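Only one structure is covered here, and it is reproduced in the block below.
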Amino acid sequence: MKTLVVYYSWSGKTELIATSISKVLNADLRKIEEVKKRNRFFIFISGGYSALRGKCSKIKPINFSLDSYDLIFLGTPVWASRPTPAINTFISKADLAKKKVILFATMGSSGGEKATKIVTEKIKAKKGKAIASFIVKTYRVKEEDIIKRGEEIAEEFIRKKGKN
Ligand SMILES: Cc1cc2nc3c(=O)[nH]c(=O)nc-3n(C[C@H](O)[C@H](O)[C@H](O)COP(=O)(O)O)c2cc1C
């Protein structure tokens with residue numbers, strides 16, 4: 001089974017989780033990037049508002065195919081209790097039919113349930129199978145503990161796979 005970890009990260013926390021999952025699972029790692037750099041002084045207004053409205057943003061071309069992957073770990077930060085515009089765009093463009101998807105969302109402290117529910121619905125609408133989701137709190141959490149949480153997510157997946 002070939003596994004891909006694909007994520008968007010604005011301030012690096014979701015990236016920490018994505019990187020540690022990919023290391024533990026020896027999976028390919030791909031980052032979704034927005035075309036326009038977001039200004040950190042306006043991000044809560046512009047980013048938060050776009051996320052709240054369920055908007056998509058322009059992302060750099062996706063220069064990889066999902067064809068050879070059976071399983072995709074998909075990561076997003078939580079913005080205004082929603083997925084990020086970049087991840088909305090990625091899902092809208094991706095062919096997820098029959099793909100198993102495991103979500104991971106990082107958040108300061110709340111809103112992850114709502115965000116992962118929205119992503120789950122979007123994946124279903126694209127005929128993918130959202131088989132699990134993980135929410136990671138990052139507010140005042142040390143970098144090494146975020147990395148550890150990523151490793152735990154990957155290890156939990158390996159344990160569950162062993163049982164099936
Ligand atoms: C625009 C914006 C909106 C956010 N909204 C929420 C939120 O609704 N709930 C929450 O707990 N954290 C919220 N956060 C915090 C991020 O979800 C959290 O810091 C996350 O781990 C950042 O991931 P990143 O470093 O990969 O970008 C928000 C951050 C930004 C920039």
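Remember, it's 1-based here, ligands and their atoms both numbered in the order they're listed. A quick note: this is a predicted structure, and the numbers were derived from the prediction, not measured.
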Please determine whether the number of non-hydrogen atoms from other residues, nucleotides or ligands lying under 6.0 Å from atom CZ of Phe42 exceeds 12.
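Result for CZ/Phe42: open.
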Greater than 12 external heavy atoms within 6.0 Å of Lys114's NZ
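Incorrect, the count does not exceed 12.
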Measure the shortest side-chain to side-chain distance between Ser46 and Arg38 over non-hydrogen atoms and say whether it is less than 4.5 angstrom.
yes
Evaluate the ring planes of Trp10 and Trp79, with Trp represented by its six-membered ring, and classify them as parallel (under 30°), tilted (30 to 60°) or perpendicular (over 60°).
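Trp10 vs Trp79 ring planes: perpendicular.
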Compile the protein residues with any heavy atom at a distance under 4.0 Å from an atom of ligand 1; present them by chain, then by number.
Ser9, Trp10, Ser11, Gly12, Lys13, Thr14, Ile43, Phe44, Gly48, Pro77, Val78, Trp79, Ala80, Ser81, Thr106, Met107, Gly108, Ser109, Ser110, Thr138
Is the closest side-chain donor-acceptor distance between Glu33 and Tyr8 under 3.5 Å?
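Absent: no donor and acceptor within the cut-off.
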Just by distance, do the side chain of Thr138 and the backbone of Thr106 share a donor-acceptor pair under 3.5 Å?
no
